[in-house]
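First up is the structure itself, then whatever we jot down about it.
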Amino acid sequence: MPYRITNACIACGDCTVVCPQKVIIEDGATYNTLGDINSTTDVVRDGAMDEPPEKLAAFYRITAGCNKCGRCREVCPAGAIVWED
């Protein structure tokens with residue numbers, strides 16, 4: 001995925017509203033102030049736990065089907081959506 005949602009996400013949901021492909025979904029993982037993962041769901045999916053905390057999305061993640069329009073990034077008030085080459 002060229003875009004990813006970082007742990008700066010504040011869970012406002014604005015990105016999910018503007019996504020024309022509806023490919024931004026709830027992640028289920030949250031972070032405490034130490035950057036440790038807290039979850040009430042199984043956060044081990046797609047190898048997610050192999051990534052360092054700064055690489056994981058805090059509340060939402062972008063799934064396959066993203067058309068790279070950038071609308072999510074434009075509306076994110078926290079600047080949590082970044083472009084990755």
Side-chain angles (χ1 to χ4, degrees):
M1 276 312 119
Y3 284 106
R4 77 174 165 86
I5 303 174
T6 67
N7 65 357
C9 174
I10 59 172
C12 68
D14 291 353
C15 58
T16 64
V17 174
V18 300
C19 179
Q21 306 297 61
K22 303 299 181 205
V23 297
I24 301 174
I25 62 170
E26 287 188 42
D27 191 330
T30 59
Y31 294 84
N32 64 26
T33 56
L34 300 176
D36 297 326
I37 296 175
N38 298 316
S39 179
T40 56
T41 62
D42 181 10
V43 296
V44 181
R45 68 191 157 283
D46 302 327
M49 292 301 291
D50 295 334
E51 297 289 338
E54 66 274 7
K55 297 282 267 184
L56 295 172
F59 298 102
Y60 296 99
R61 65 184 167 107
I62 301 170
T63 62
C66 173
N67 68 0
K68 305 173 190 92
C69 69
R71 291 180 187 165
C72 57
R73 186 176 179 187
E74 291 170 3
V75 301
C76 182
I81 301 174
V82 296
W83 179 263
E84 264 189 2
D85 291 324

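No hydrogens, no waters, no symmetry mates; every other heavy atom, side chains included, goes into these values. FYI, the numbering just counts along the sequence from 1.
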Report task. Would you mind listing every side chain to side chain donor-acceptor pair (under 3.5 Å) that reaches into residues 70-83, with sequence neighbours excluded? Result -> W83-D85
Query - Linked, directly or transitively: I5 and Y3 (ILVMFWY side chains, under 4.5 Å) - result: yes
**Report entry** Worked check of side chain to side chain contact (heavy atoms under 4.5 Å, CB included) between V82 and R4
**Finding:** CA-CA 6 Å; V82 296; R4 77 174 165 86; 3.8 Å; yes
Query raised in the report: So do F59 and E26 actually touch side chain to side chain, heavy atoms under 4.5 Å?
Result: no
Query raised in the report: If you look at every heavy atom in P20 and N67, which pair is closest and at what distance?
Result: CG-ND2, 4.1 Å
Requested in this report: Measure across C72 and I24 and return the closest heavy-atom pair with its distance rounded to 0.1 Å.
Outcome: CB-CD1, 3.7 Å
Query raised in the report: So, for A80 and A8, which heavy atoms are closest and what is the spacing to 0.1 Å?
Result: CB-C, 3.6 Å
Report task. Search all heavy atoms of K22 against all heavy atoms of T16 and return the closest pair with its distance. Result -> NZ-O, 3.7 Å
Query raised in the report: Closest heavy-atom contact between Y60 and G13?
Result: OH-CA, 3.7 Å
Query raised in the report: Would I81 end up clustered with V23 when hydrophobic side chains under 4.5 Å apart are linked, directly or stepwise?
Result: yes
Report task. List the atom of P77, the atom of D14, and the distance in Å for their closest heavy-atom pair. Result -> CD-OD2, 4.0 Å
